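For reference, the structure is listed below as structure tokens.
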Amino acid sequence: MRRAFVDTLTELAAADDRVAILTGDLGFQVFDRFIERFPDRYVNVGIAEAQVVCAAAGMARVGFRPFAYSIASFMTARPFEQIRFAVGYPRLPVVFVGAGGGYCYAQSGVSHHAPDDFALMGLVPGMTLVAPGDPHEVHDLLPQLVRLDGPSYIRIGKFGEPAYEANSPIVLGKGRILRSGRKVAVLTAGETAPIALDALERLAPDGISPTVCQFHTLRPLDTGMLAELAAAGHTAFVCAEECCPQGGLHQQVALWIQSAGLPIRHVRLGPPDEFVLGNPDRNAFRAACGFDAAGIADACRRAWHAT
Amino acid sequence: MTDDLQPLEKEARAIRATCMQMAFDGREGHLSASMTYADVLVALHRRWLRPADAASGRSADRFILSKGHGCTALYAMLAACGRIPKESLALYNHPGGPLPNHPCEHALPEIEMSAGSLGHGLGVATGMLYGLRLRGDSARVAVLLGDGECNEGSVWEAAMFAAARKLGNLLAIVDYNGIQAVGRSDDLMGHTDLAAKFRAFGWAAETLDGHDMAAIVDALSRVPFAPGRPTAIVAKTRMGVSFMEGDVVWHYRKPSADDLARALAELDAAPIHKDVP
């Protein structure tokens, strides 16, 4: 995803001289090709996240469409006041990029864990939240973020994540049906999408065929898609997310189900609300929390037989 | 010296008087953060900030009040310059009005940037100047900071960036009134030299008497103090009313009718919105 990010950013910068990127001294070699072509529009601010955000706000004020880039925990929690006050309040078009959100850096310790990036950024009124699940979604969503008149946050992973194919287009604010099934809908955001597709392969031999719907846009959430899933006879939602329980996909879907008054079983698979100690392997951590492919498959199986 | 600075000095007194009247009418204090920088504010607006120049493509110079709680002086200055109606000053701190006690650009578009949370203005100014330079626009930006505001780490993140990027069109003026919300800035900063700190960060910096109009105008005329370096002016200031000087209570205290009358008499000036012919 990081390659897709920088390649797309470079395309955008070539087409639009308002596009620039500010970093907090992170992204070693990631931006080399961008720097080669647009040296003045790459700004390494230094290890000073408040300044990354304020400088981006200033550039946006004089007509630029700046990106602000750092590791997700340092891009969101650390300069939160600057994001809220210097960018959110004046509704400036800054795209915040959190590299390695969730538990991408599981083994690097709590400092680098960012399960709370969406919860935090979602507290800023007007902030669009984007959680792409593969390089295609990064590529297609970035230009849509640059066109926004207000701020946005996009969480991107590392290098080399698998791409998936789906017929539905990648439109900001719209859910994406990755696989059409019935009865049970697996709802994903960000990198849980490819995990859910793996889970489907485990279920196929048993004749269990859930729908997989990817919500690459967490805000505004496509509640119309939720209504369509319900109307199409999905009576159980299995929500797989790699974020804290607050402010992610599950919480929003739960609120929607409640307000819609629908009898939908709703299961959350995701990390607990606690600091994760012990520097776990990311895949092992996902398995322990039940949102690896086996865990999602198990949850789907239970939901399938219960409905 | 042929430059007649008396009109500037007189206007600064009128700005102070206006701050007193607004604080009295609006029942909101922050006088020690407003009245102190009146001279600097007048000099900036009358002698330094340039309008846009269509011929060269340069946009207008900008003024950012970073310490938003000192906004009565800015509102008064905008009215004095004809950018907002003088009558609107009577609406200071009115619910739903255009002049809240921390400036909001949504309520008053004449404000360059909303303020109220300290430590943002300098960083935003650096981003503006970096962007303006990419556009080939040589507009300048002046930022007014409080001495207490310089407690914030983000001020020094911005200072580092400004020097690294050689933002010579940046001017930071620190209103060194010595008074913070609860304590005295010298005590909280360990009696250290603020101008020396800016110099250590790669700026050109000077300290001056913030009420010596000749010194202020001279300093402004020399900006940038050094080519390619951001400029800092540390202005040592007072409130300009003898019975209010040096007392931390005037960060919060609302003036009484007697305070107002005494201050206006001593300033020998009328609030600009009460002086409309």
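Remember, predicted model here, so these are calculated numbers, not experimental data. Chain letters run A, B, ... following the sequence lines, proteins first and then strands; every chain starts at 1.
- Looking only at atom types and distance, the side chain of B:Y176 has a donor-acceptor partner in the side chain of B:D186 under 3.5 Å away.
- Between A:D7 and A:R33 there is a salt bridge, with a side-chain nitrogen of the basic residue lying less than 4.0 Å from a carboxylate oxygen of the acidic one.
- Contact count versus chain A (heavy atoms, under 4.5 Å) is highest, among B:L132, B:L134, B:I64, for B:L134.
- Residue B:R133: no heavy atom, backbone or side chain, is found under 4.5 Å from chain A.
- Only the side chain of A:R91 comes within contact range of chain B, with heavy atoms under 4.5 Å apart.
- When heavy atoms are compared at a cutoff of 4.5 Å, A:V53 does not approach chain B at all.
- By the 6.0 Å contact criterion, CZ on A:R78 is open, its count of non-hydrogen atoms from other residues, nucleotides or ligands being 12 or less.
- For chain A, the nearby part of B:H106 is the side chain; its heavy atoms alone come within less than 4.5 Å.
- Of the N and O atoms on the side chains of B:S66 and B:E149, at least one donor lies less than 3.5 Å from an acceptor on the other residue.
- Residue contact with chain A, scored on non-hydrogen atoms closer than 4.5 Å, involves the side chain of B:T126 exclusively.
- The distance between the ring centers of A:H216 and A:H136 does not fall below 6.0 angstrom.
- Interface remark: of the candidates B:S59, B:A115, B:A139, B:A115 forms the most heavy-atom pairs closer than 4.5 Å to chain A.
- Both the backbone and the side chain of A:E81 come within contact range of chain B, with heavy atoms under 4.5 Å apart.
- Taking the six-membered ring where the residue is Trp, the centroids of B:W156 and B:F161 are separated by 6.0 Å or more.
- Side chains of B:E112 and B:V141 form no contact here, defined as non-hydrogen atoms less than 4.5 Å apart.
- Of the two parts of B:A164, neither the backbone nor the side chain holds a non-hydrogen atom closer than 4.5 Å to a non-hydrogen atom of chain A.
- Across all their heavy atoms, A:F85 and B:G116 have their closest contact at CZ-N, 3.9 Å.
- Listed options A:P90, A:A56, A:G63 were ranked by heavy-atom pairs under 4.5 angstrom with chain B; first place goes to A:P90.
- Residue B:A158 touches chain A through both its backbone and its side chain, counting heavy-atom pairs closer than 4.5 Å.
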